[in-house]
Amino acid sequence: MNSHTTISFDWGSLQSFLAVVRAGRLTTAAQQLGVDHSTLSRRIQKLEKTLQARLFDRRAHGYVLTPPGERLLNLAQEMEGVALTMMTEVGGSRLNIAGSVRVGATDGFGSMFLAPRLTKLRDCHPDLDIQLVTLPR
């Protein structure tokens with residue numbers, strides 16, 4: 001790449017990609033992003049066209065990454081980390097952590113060790129919905 005080459009890339013398309021990877025389903029990812037599933041589908045198709053690679057296998061139980069999708073996942077997560085660092089270190093933003101998290105643990109470990117710590121985490125991030133599921137073994 002020479003010094004006069006410009007890169008036109010949509011960061012939002014990577015955020016859409018990451019949402020589908022994390023949700024496993026297009027409709028769930030669309031709900032989490034607050035967009036229609038057809039909009040999200042178009043974003044993924046546009047990203048695949050831009051990269052000239054199929055990123056997902058669409059299956060009945062959800063979206064599964066292809067080998068090029070696996071490679072993109074690592075790079076997209078690195079870019080996301082850099083973006084978060086820019087927001088906190090350069091812009092001074094405080095990250096708002098939100099969403100649902102389900103944690104599974106054995107009865108004793110979950111109630112005695114995790115529960116008090118998860119309560120503190122929830123106090124620090126009120127938009128985080130934490131579900132502790134204790135298991136007998």
Side-chain angles (χ1 to χ4, degrees):
M1 180 188 323
N2 65 43
S3 61
H4 300 289
T5 303
T6 58
I7 297 173
S8 177
F9 192 80
D10 179 17
W11 166 241
S13 63
L14 278 184
Q15 291 175 307
S16 296
F17 169 78
L18 288 171
V20 173
V21 169
R22 290 171 180 153
R25 300 185 78 68
L26 189 72
T27 52
T28 304
Q31 288 173 340
Q32 291 171 350
L33 293 173
V35 298
D36 185 75
H37 73 279
S38 60
T39 300
L40 184 55
S41 178
R42 283 192 301 274
R43 289 179 185 173
I44 296 298
Q45 289 172 359
K46 182 180 175 187
L47 179 62
E48 289 177 328
K49 184 177 179 183
T50 299
L51 296 174
Q52 299 178 6
R54 188 170 46 87
L55 303 173
F56 294 100
D57 283 329
R58 284 99 172 146
R59 299 194 179 147
H61 63 276
Y63 277 44
V64 178
L65 286 172
T66 61
E70 290 283 350
R71 290 190 298 276
L72 179 60
L73 176 59
N74 294 329
L75 296 169
Q77 288 173 327
E78 287 179 33
M79 286 183 69
E80 182 181 48
V82 169
L84 293 172
T85 300
M86 287 185 333
M87 288 173 56
T88 57
E89 291 187 15
V90 176
S93 299
R94 183 162 187 256
L95 294 178
N96 180 28
I97 298 174
S100 296
V101 177
R102 180 175 292 162
V103 180
T106 58
D107 283 330
F109 182 75
S111 356
M112 301 302 290
F113 182 80
L114 281 179
R117 287 161 178 82
L118 292 177
T119 301
K120 289 179 185 175
L121 179 63
R122 173 66 169 81
D123 291 344
C124 292
H125 303 284
D127 293 330
L128 191 59
D129 175 31
I130 304 170
Q131 302 169 8
L132 177 58
V133 180
T134 57
L135 309 167
R137 54 183 180 137

Would you say [X]'s side chain and [Y]'s backbone share a donor-acceptor pair under 3.5 angstrom?
X	Y	value
Arg122	Leu128	yes
Arg58	Phe56	yes
Thr85	Gly81	yes

Can you tell if the side chain of [X] reaches within under 4.5 Å of the side chain of [Y], non-hydrogen atoms only?
X	Y	value
Val133	Val103	no
Val101	Asp129	no
Glu70	Asn74	no

Measuring from atom [atom1] of [X] to atom [atom2] of [Y], what distance do you get when rounded to the nearest 0.5 angstrom?
X	Y	atom1	atom2	answer
Ile44	Ser16	CD1	OG	5.5 Å
Leu40	Ser13	CG	OG	11.0 Å
Arg71	Leu73	CZ	CG	12.0 Å
Ile130	Thr119	CD1	OG1	8.0 Å
Gln31	Leu26	CD	CG	10.5 Å
Glu48	Leu72	CD	CG	10.0 Å

Problem set entry | Within 45° cone and under 6.0 Å: Arg117 NZ/CZ vs Phe113 ring |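 Ring-cation test returns yes.
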Exercise. What do the steps show when you test Thr134 against Leu114 for side-chain contact (heavy atoms from CB on, under 4.5 Å), and what is the final call?
Worked result: CA-CA 10 Å; Thr134 57; Leu114 281 179; over 6 Å; no
For this session: Please indicate whether Gln131 has more than 12 foreign heavy atoms, meaning atoms of other residues, nucleotides or ligands, lying under 6.0 Å from its CD.
Result: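 Yes, because the 6.0 Å sphere around CD of Gln131 holds more than 12 heavy atoms from other groups.
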Exercise. Do Thr39 and Arg42 have side-chain N/O donor and acceptor atoms under 3.5 Å apart?
Worked result: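 Yes, side-chain donor-acceptor contact under 3.5 Å.
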Exercise. Which pairs count as salt bridge (Lys or Arg N to Asp or Glu O under 4.0 Å) when at least one residue sits in residues 15-34, sequence neighbours excluded?
Worked result: Arg22-Glu80
